[in-house]
Amino acid sequence: MGSLKDIKRRITSVRKTQQITRAMRMVAGAKLRRAQEAIEAARPYADRMRATLAEVARAQRDSDHPLLVSHPEKRNVELFVITSDRGLCGAFNANVIKLAVATGRARLDAGAQVSISTAGKKAREAFQRRAPDTLRQHYPQDSWVTFGQAADAAAYLSNRYATGEVDEVVLVYSEFVSAITQTPRAVTLLPFTAGETEPAGAADGAGDELPFEIEPDPATLLAVLVPKAVEVEVFRALLENQSGEHAARMAAMEAATRNTEELISSLTLQYNRARQAAITKELVEIVSGAEAL
């Protein structure tokens, strides 16, 4: 058992830590509300973009757009791994990195060469330790996700795929489900698939007849829609990751605050016992001295 002074000093230190974790929990909660509103607003747009692209693709089934054409052999695969720049959010980043490692290992076992691009300092640091030779482009996460960041990353990945430098691009990020649940996901970004939605009447051959006219033509519209759809998908992944980061940090700081409360209670009990023992010892010494006199 430590001295009274040491125990009191530790209680003071833990209380200061508690103030920090409580403040970080409140900040993460405020940011989560804003981030959640952003992703909930972006999801319908991304879904409608993909649905529109699927409708246009039905009218241009033999499209030769480079981002829609699947390469027959997956010899080179690029992973675009999205994490946060900061830690203190539990296993949030570790789960994404673990999934990225598993995805990359599966591609290597299939005979492909794997390269990695990252968004977020934690992913960059993790793969600098594990496989520095595979690293390519890096996009730092600013204080708030912007569409310009997503457009830059999408342009880089699209150019790599269109020129044949890579045969597949896999997006690895954490999907925001709720304030307590974030699910790591690995989805194929390129080749871009418009979706498998089949309209009513497709079985009898009437599905190719669209209820609207496409001007100037489906090929021209696809040339505009496909790159924009890739940008929207990357932007959505960045927003999902942003919401999940704040939710994970809020949960982690809430757990840390509870731990500090339990630790303060334990240290206070220990301090009271040590103080009582010191008082008892002093009384015994006084009584012993009086008896000796």
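Computed from a prediction, not measured in an experiment: that's the story for all the values here.
- Residues that satisfy the side-chain hydrogen bond (donor to acceptor under 3.5 Å, both in side chains) test with Ser117, not counting sequence neighbours, are Glu78.
- Residue Leu99 is found in a hydrophobic cluster whose other members, listed by chain and number, are Val77, Leu79, Val81, Val96, Ile97, Val101, Leu108, Val114, Ile116, Phe127, Leu135, Val170, Val172; membership requires side-chain heavy atoms under 4.5 Å apart, directly or through intermediates.
- Proximity of Ile39 to Arg236: side-chain heavy atoms (C-beta onward) are separated by under 4.5 Å at one or more points.
- Ion pairing between a basic and an acidic side chain is recognised when a charged N comes within 4.0 Å of a carboxylate O; Lys31 and Glu245 show no such pairing.
- Looking at every heavy atom in both residues, Tyr139 comes nearest to Asp152 through OH-O, 3.5 Å.
- In terms of the side chain to side chain contact (heavy atoms under 4.5 Å, CB included) criterion, residue partners of Thr12 (sequence neighbours excluded) are, by chain and number, Lys16.
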Step-by-step salt bridge (charged side-chain N to carboxylate O under 4.0 Å, His left out) determination, Lys121 to Glu125: CA-CA 6 Å; Lys121 189 181 298 182; Glu125 292 174 350; 5.5 Å; no
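- Atom CG in Leu157 sits 11.0 Å away from atom CD in Glu165 (nearest 0.5 Å).
- Between His246 and Ala28, the closest heavy-atom pair is O-CB, 3.7 Å.
- For Ala38, the side chain to side chain contact (heavy atoms under 4.5 Å, CB included) partners two or more places apart in sequence, or in a different chain, are Leu239.
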Could you walk me through whether Glu240 and Arg185 pass salt bridge (charged side-chain N to carboxylate O under 4.0 Å, His left out), step by step? CA-CA 11 Å; Glu240 296 273 7; Arg185 293 192 61 197; over 6 Å; no
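- The distance from the CE atom of Met250 to the CG atom of Leu32 is 5.0 Å, given to the nearest 0.5 Å.
- Met24 shares a hydrophobic cluster with Ile20, Leu88, Met253; the chain of contacts runs through ILVMFWY side chains whose heavy atoms sit under 4.5 Å apart.
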Run the side-chain donor-acceptor check on residues 67-76: report pairs under 3.5 Å with partners two or more places apart or on a different chain.
residue, atom, partner, partner atom, Å
His71, ND1, Asp167, OD1, 2.8
Lys74, NZ, His71, O, 2.9

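- Classification of Glu233 and Arg50 as a salt-bridged pair holds, one side-chain N sitting under 4.0 Å from a carboxylate O.
- The shortest side-chain heavy-atom distance between Arg15 and Ile11 falls under the 4.5 Å cut-off.
- Between Leu171 and Tyr173 the shortest side-chain heavy-atom distance falls below 4.5 Å.
- Leu269 forms part of no hydrophobic cluster, judged by ILVMFWY side-chain heavy-atom separations under 4.5 Å.
- Atom CD of Gln113 is surrounded by 12 or fewer heavy atoms from other residues, nucleotides or ligands within 6.0 Å.
- Here the side chain of Thr181 pairs no donor or acceptor atom with the backbone of Ser178 at under 3.5 angstrom.
- A side-chain N or O of Thr257 and one of Thr21 form a donor-acceptor pair less than 3.5 Å apart.
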Just do the side chain to side chain contact (heavy atoms under 4.5 Å, CB included) check on Arg160 and Val169 with the steps written out, would you? CA-CA 9 Å; Arg160 294 260 291 167; Val169 176; 5.8 Å; no
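- Scanning for side-chain hydrogen bond (donor to acceptor under 3.5 Å, both in side chains) contacts around Gln36 gives Glu40, with sequence neighbours left out.
- Closest heavy-atom contact between Lys122 and Arg86: CE-C, 3.7 Å.
- Taking each heavy atom of Pro66 and Ala162 in turn, the nearest pair found is CB-CB, 4.1 Å.
- If you chain together hydrophobic residues whose side chains sit under 4.5 Å apart, Phe176 and Val27 never meet in one group.
- In this structure the side chain of Thr83 never reaches within 4.5 angstrom of the side chain of Phe92, judged on heavy atoms.
- The side-chain heavy atoms of Arg10 and Leu263, taken from C-beta on, include a pair separated by under 4.5 Å.
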If you look only at distance, which donor and acceptor atoms sit under 3.5 Å apart when one is on a side chain in residues 219-231 and the other is two or more places apart or in another chain?
residue, atom, partner, partner atom, Å
Thr220, OG1, Asp217, OD1, 3.0
Thr220, OG1, Asp217, OD2, 3.0
Lys228, NZ, Glu231, OE1, 3.3

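- When the shell of 6.0 Å around CZ of Arg275 is examined, it contains 12 or fewer heavy atoms from other residues, nucleotides or ligands.
- In plain terms, the two heavy atoms of Trp144 and Ala35 that are nearest each other are CH2-N, 3.5 Å.
- The shortest side-chain heavy-atom distance between Gln137 and Phe80 does not fall under the 4.5 Å cut-off.
- In this structure the side chain of Gln182 never reaches within 4.5 angstrom of the side chain of Val177, judged on heavy atoms.
- Its side chain within the 4.5 Å cluster rule, Leu283 clusters with Ile279 among the Ile, Leu, Val, Met, Phe, Trp and Tyr residues.
- Interatomic distance, Leu189 CG to Ser158 OG, rounded to the nearest 0.5 Å: 7.0 Å.
- Between the side chain of Asn159 and the backbone N or O of Ala155, no donor-acceptor pair lies under 3.5 Å.
- In this structure, a donor-acceptor pair under 3.5 Å is present between the side chains of Asn93 and Ser84.
- For Thr52 (side chain) and Arg48 (main-chain N/O), a donor-acceptor pair under 3.5 Å exists by modelled atom type.
- Shown here are the side chain to side chain contact (heavy atoms under 4.5 Å, CB included) partners of Ala150, two or more places apart in sequence or in another chain: Val234, Phe235, Leu238.
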Let's go through Glu254 and Arg22 carefully: what are the C-alpha distance in whole Å and the side-chain angles of both, what is the deciding distance for salt bridge (charged side-chain N to carboxylate O under 4.0 Å, His left out) to 0.1 Å, and is it a yes or a no? CA-CA 7 Å; Glu254 185 175 356; Arg22 185 178 287 119; over 6 Å; no
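- The line from NZ of Lys8 to OG of Ser13 is 14.5 Å long, rounded to the nearest 0.5 Å.
- For the atom pair Arg34 CZ and Ser243 OG, the distance stands at 11.0 Å (nearest 0.5 Å).
- Lys98 meets the salt bridge (Lys or Arg N to Asp or Glu O under 4.0 Å) test with no other residue; sequence neighbours excluded.
- Nearest heavy atoms, Ala237 versus Ile82: CB-CD1, 3.8 Å.
- By the 4.0 Å N-to-carboxylate-O rule, Asp6 lies close enough to Arg9 to be salt-bridged with it.
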